[in-house]
> 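Here it is, the structure, as structure tokens.
Below, chain A is the first sequence line, B the second, and so on; all start at residue 1.
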2 protein chains.
Amino acid sequence: MQKYVVISNDIRNKIVKGEYVANQQIPFEKDMCIHYNASKMTVKKALDILVAEGLVIKRRGSGTFVKDLNLEEIERVTMANQFRGTTALNAGKKVRSKILNFSIVKVPEEAAKKLNISLGSFVYDIYRVRYVEDEPTVMEKIYMPIDLIPNIKEKNISGSIYDYIEKDLHLKIQSAHRTVSVRKATDFEADELGLEKGDPVAVAEQIGYLDTGNAFEFSTSVHRYDKFAVEIVLTRN
Amino acid sequence: MQKYVVISNDIRNKIVKGEYVANQQIPFEKDMCIHYNASKMTVKKALDILVAEGLVIKRRGSGTFVKDLNLEEIERVTMANQFRGTTALNAGKKVRSKILNFSIVKVPEEAAKKLNISLGSFVYDIYRVRYVEDEPTVMEKIYMPIDLIPNIKEKNISGSIYDYIEKDLHLKIQSAHRTVSVRKATDFEADELGLEKGDPVAVAEQIGYLDTGNAFEFSTSVHRYDKFAVEIVLTRN
DNA sequence: AAGTGGTCTAGACCACATT
DNA sequence: ATGTGGTCTAGACCACTTC
């Protein structure tokens, strides 16, 4: 493992375990260099990870300090804000799908724009309801170009599509651009998700990218309002 | 300006202007070092900014590539996902407040936890509706410790509280931890925001931190569902 | 004036992909 | 075998805070 990861893990642990407490000044970078037998750049990189996570604050001229977080907030921040699908997010729980549609169609105009492919291309058109512990939780409408993600079978979309892409096709998912908004459920969505007509839903529109830089997925996830939250750490420069 | 900012700005411009196009491989770091007369670490840092923004992708052993983004997505990604208040987010538009409450109270239990201050401390209790271009847009319930943010007057909370904190008090806002969720509007909220009873609202719970590491704000913003969206770029690793 | 973190360098070595 | 990006170093200089 890289040295900067080791160092940042070590410091994160000290914060989580309470060895470094809220508002405490932690050792100077200079001293950490000696302690970890690392160069300044390496220690700085380790600390910058913790700044981005929201655990510590650096002030030029003064030093580095533990943020004044309560326990709950430390926990929240610590379970990394990673990019995972429904299956991975609910690891250990029973996740299954009800497939509403699975076909190949000419790409709709909006999806063509989002996927940056030409009109007339073919895409998988997947529509499914995801159940977590037998509770309907989210409805997913997914478009995937058939030439990028070939050979999808019904069994692949019952489970984790990401697993199929990474483990079976050996492709690498690199990132996703997501827009979260809010609206009222349609009657059909309300029905499938076990909501009342007009109840709120959270809508996450997502474009997923492979490590080739190509968009492999344009999806719209409609979440039950009582089973949805996003956590964000915002930093000013 | 720092050299790595200059370099990343330059490359970003080339992408935005279309000089580097989707899926194109951009020059090697080695060559950029020569071109910009910079060291490898500096060029790498510049490129890593663009990776985090979602504009490019790096593959060890292969090179660096422009992500396959459509124009709209480039624009979206480019207008930085910064941390700003309602006033700054709607710069150029008319923003005003209707103040529903402005008082000093003993901190409620939840706020004490979030702000990590002891029960019995006093906080400002601010409740206001924000109007953008005379349309009610968001209701904000804000708690601020009086000893951190002293001397707030009615006029400060009609406008941007962040401006008061930074320009008048000369404090530095460092970051915020935000949780976004969805629920139904209460009748009172619906009334103030011009919604129907039970309409959806987006709720952003936020803890704001100064560069001292102290929480200076615990706020709950209730947004009209048709005037709310969050953009996120998620990266694996 | 002294000490902090921020930037930058020149060069070494490593992990990985392509040829 | 060659060449990519990733990590790491030792040390220089700068911006800023504190004394």
> Starting at CD of A:Q2 and ending at P of D:dT7, how long is that distance when rounded to a whole Å?
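Atom-to-atom, A:Q2 to D:dT7, this comes out as 5 Å.
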> Taking the six-membered ring for Trp, are B:Y124 and B:F102 parallel (under 30°), tilted (30 to 60°) or perpendicular (over 60°)?
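If you compare the ring of B:Y124 with that of B:F102, the planes turn out parallel.
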> What is the distance, to the nearest angstrom, from the CG atom on B:D211 to the P atom on D:dA15?
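It works out to 20 Å between those atoms.
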> Nearest whole Å is fine: how far is D:dT2 P from B:F28 CZ?
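One finds 16 Å between P of D:dT2 and CZ of B:F28, rounded.
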> Taking the side chain as every heavy atom from C-beta outward, state whether A:T42 and A:Y36 have any atom pair closer than 4.5 Å.
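No, every pair of side-chain atoms sits at 4.5 Å or beyond.
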> When the distance from CG of A:D48 to C1' of D:dC8 is rounded to whole Å, what number comes out?
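One finds 16 Å between C1' of D:dC8 and CG of A:D48, rounded.
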> For A:I34 and D:dT9, give me the distance from atom CD1 to atom C1', rounded to whole Å.
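It works out to 15 Å between those atoms.
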> Should the pair A:F218 and A:Y143 be assigned to parallel (<30°), tilted (30 to 60°) or perpendicular (>60°) ring geometry?
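Geometry flag for A:Y143 against A:F218: parallel rings.
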> We want to know whether A:K114 and A:N116 form a side-chain donor-acceptor pair, criterion being a heavy-atom distance below 3.5 angstrom.
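Note: A:K114 and A:N116 side chains miss the donor-acceptor criterion.
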> Kindly say if B:T42 contacts the phosphate of C:dT7, meaning a side-chain N or O under 4.0 Å from OP1 or OP2.
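No, B:T42 has no side-chain N/O under 4.0 Å of OP1/OP2 on C:dT7.
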> Rounding to a whole Å, what distance do you find between A:K45:NZ and C:dT7:P?
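Value for this atom pair: 14 Å.
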> How close or far is atom P of D:dT17 from atom CG of B:L171, stated in whole angstroms?
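Value for this atom pair: 13 Å.
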> Tell me which residues in residues 3-16 of chain A lie within less than 4.0 Å of DNA chain D, going by non-hydrogen atoms.
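Within this stretch, A:K3, A:Y4 sit under 4.0 Å of the strand.
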> Hey, what do you get for CG (B:N70) to CD1 (A:I207), rounding to the nearest 0.5 Å?
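B:N70 CG to A:I207 CD1: 6.0 Å, rounded to 0.5 Å.
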> Roughly how far, to the nearest 0.5 Å, is the OG1 atom of B:T179 from the CD atom of A:E73?
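The distance works out to 6.5 Å.
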> What distance separates A:I49 CD1 from A:L55 CG, expressed to the nearest 0.5 Å?
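One finds 11.5 Å between CD1 of A:I49 and CG of A:L55.
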> Using distance alone, with no hydrogens and no angle criterion, decide if A:Q25 and A:Y20 have a side-chain donor and acceptor under 3.5 Å apart.
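No, because no side-chain N or O of A:Q25 sits under 3.5 Å from a partner of the opposite role on A:Y20.
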> If you find the nucleotide of DNA chain D closest to A:S62 and the one closest to B:K44, which residue's nucleotide is nearer the 5' end?
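It is B:K44, whose closest nucleotide lies nearer the 5' terminus.
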> Could you write out each protein N or O paired with an N or O of nucleotides 10-15 of chain C at a distance under 3.5 Å?
from: C:dA15; atom 1: O4'; to: B:R60; atom 2: NH1; distance (Å): 3.0

> Whether the B:H177 and A:K67 side chains hold a donor-acceptor pair (N or O, under 3.5 Å, no angle test) is what I'd like checked.
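B:H177 vs A:K67: donor-acceptor pair found between side chains.
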> Distance check: side-chain N/O of A:K30 vs OP1/OP2 of C:dG3, anything under 4.0 Å?
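Looking at the OP1 and OP2 atoms of C:dG3, neither is under 4.0 Å from any side-chain N or O of A:K30.
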> What integer distance in Å separates B:L47:CG from C:dC8:P?
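Rounding to the nearest Å, CG of B:L47 and P of C:dC8 are 14 Å apart.
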> What bend angle does the helix from C:dA1-D:dT18 to C:dT18-D:dA1 show across its length, from five-pair end axes and to the nearest 10 degrees?
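If I round to tens, the end axes sit 0° apart.
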